[in-house]
Amino acid sequence: MPELPEVEHLKRTLEPALVGARVERVHVYRTDVLRRAADGPGRSGLKRRPSGAALLQSSTIVDLKRHGKQLAIVSDSGAAVCVHLGMSGQLRYVPAGDVLTRTDHVHCQWSLKRSGAQGELLFRDPRRFGGVWMASSLAELEERCWSVMGPDALTISAAAMQAALKRTQRSVKAALLDQHVLAGVGNIYADESLFDARINPQVQASTLSAARVQRLHVALVSVLRSAVDSGGSTLRDYVDSTGAKGSFALKHNVYGRAGSECTRCGGKLVQIVVAQRTTVYCARCQKR
DNA sequence: CCGGACTCCTGTGCGC
DNA sequence: TGCGCACAGGAGTCCG
């Protein structure tokens, strides 16, 4: 399940192929994965096929931007598309001549040409929790979609994080998962960073001391950076734009390890449900 | 307003 | 071996 590290790694692997490429043609196989950024982050998809220009046809890609788990592709016409991978989404770049092993659930396809080299950018999403937001400008995307979210988890300051956690009565894990608090953290990195900071996921966010929030901030940034360097976590579906899996799952201390020994104290890791999400932590290291 | 529950969707893996 | 069901979860929406 793509979270910030997976999307950041994806951005890095896409940049060489995309930036400077001209969008020759766009194919939409399902219009209901498309949304207008002007309508905000809602989930109601389009019923009718949009104009090619809204999906960057005949323009040149000049930049990729990421906020939290969302990735925007910006063109020289000013228009941008923002891809959200949801649970099972993939953005793949397939150079001309190469073959994509699975072509089912491909909802959107951009044919690209860059200094003679051709290839296809494909949005594939079996579960369709993801989507593609069309914006007339990056400013519109930022204003209508990104500004309603909290700061990006890699750039938020400890002070801002503390202020945000002070504001809510929920558990610290629920707060970390809320994209309005900070953007980019999902179930894996919430559990991993709480383990790193030795904080119990059920603790009420507002009751954490400044020192503990400071520790959580350090842990979160450290875990996210380390995961980006490993190419993210592949559990089942996630692959980068070239189809490569991430190796960070091998470094998970808690996620997916319920019943195993704690890598820090040797205690048994326990599994509970917090904020409707499977949560694994060490009862000995992460006391309430 | 806030927070918890429900919902969307498909592939996987388990138990019988 | 095969069937059916529970489960995985990002995030919008609904409701108390």
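Naming convention: chains lettered A, B, ... in sequence-line order (proteins, then strands); numbering from 1 in each chain.
- With DNA chain C read from its 5' end, the first of the two nearest nucleotides for A:P2 and A:S44 is the one closest to A:P2.
- The main-chain N or O of A:V254 is found under 3.5 Å from a side-chain atom of A:E192 such that the two form a donor-acceptor pair.
- With sequence neighbours left out, A:K251 forms a salt bridge (charged side-chain N to carboxylate O under 4.0 Å, His left out) with no residue at all.
- When each of A:K245, A:E3, A:H252 is tested with A:S233 by the rule side chain to side chain donor-acceptor pair (under 3.5 Å), just one qualifies, namely A:H252.
- Backbone-only contact: A:P41 has heavy atoms under 4.0 Å from sugar-phosphate atoms and none from a base.
- Summarising the geometry, the separation between CG on A:D32 and C1' on B:dC8 is reported as 12 Å, rounded to the nearest angstrom.
- The other members of the hydrophobic cluster of A:M149, by chain and number, are A:V62, A:V74, A:L138, A:L141, A:W146 (side-chain heavy atoms under 4.5 Å, ILVMFWY only).
- For the pair A:R128 and B:dT10, the criterion of a side-chain N or O lying under 4.0 Å from OP1 or OP2 is met.
- For A:H105 and B:dC9, the shortest distance from a side-chain N or O to OP1 or OP2 is not below 4.0 Å.
- Judged by distance alone, the side chain of A:D191 and the main-chain N or O of A:Y255 form no donor-acceptor pair under 3.5 Å.
- Heavy-atom contacts from other residues, nucleotides or ligands closer than 6.0 Å to NZ of A:K166 number more than 12.
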Donor-acceptor pairs under 3.5 angstrom involving side-chain atoms of residues 200-208 of chain A: please list them, not counting sequence neighbours.
from	atom 1	to	atom 2	distance (Å)
A:N200	OD1	A:Q202	N	2.8
A:N200	OD1	A:Q202	NE2	3.3
A:N200	ND2	A:Q286	O	3.0
A:Q204	OE1	A:S206	OG	3.3
A:Q204	NE2	A:Q169	O	3.3
A:T207	OG1	A:Q204	O	2.7

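- Read 5' to 3', the first and last nucleotides of DNA chain C with an atom closer than 4.0 Å to a heavy atom of chain A are C:dA8 to C:dG12.
- Salt-bridge check for A:D104 with A:R124: passed, with a basic side-chain N closer than 4.0 Å to an acidic carboxylate O.
- No donor-acceptor pair under 3.5 Å is formed between the side chain of A:R22 and the backbone N or O of A:L112.
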Pairs: protein N or O with nucleotides 1-5 of chain B N or O, under 3.5 Å:
from	atom 1	to	atom 2	distance (Å)
B:dG3	OP1	A:T168	OG1	3.0
B:dG3	OP1	A:Q169	N	2.7
B:dA5	OP2	A:Q276	OE1	2.7
B:dA5	N7	A:Q276	NE2	3.3

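- Here the rule is side chain to side chain contact (heavy atoms under 4.5 Å, CB included) with A:K11, and of A:L91, A:L18, A:L71 only A:L71 fits it.
- Using five terminal pairs a side, the axes of the helix from B:dC2-C:dG16 to B:dC16-C:dG2 at its two ends make an angle of 50°, given in steps of 10 degrees.
- Heavy atoms of A:Y255 sit under 4.0 angstrom from primed sugar atoms or phosphate atoms, though from no base atom.
- The backbone N or O of A:I73 lies less than 3.5 Å from no partner atom in the side chain of A:S75, so there is not a single donor-acceptor pair.
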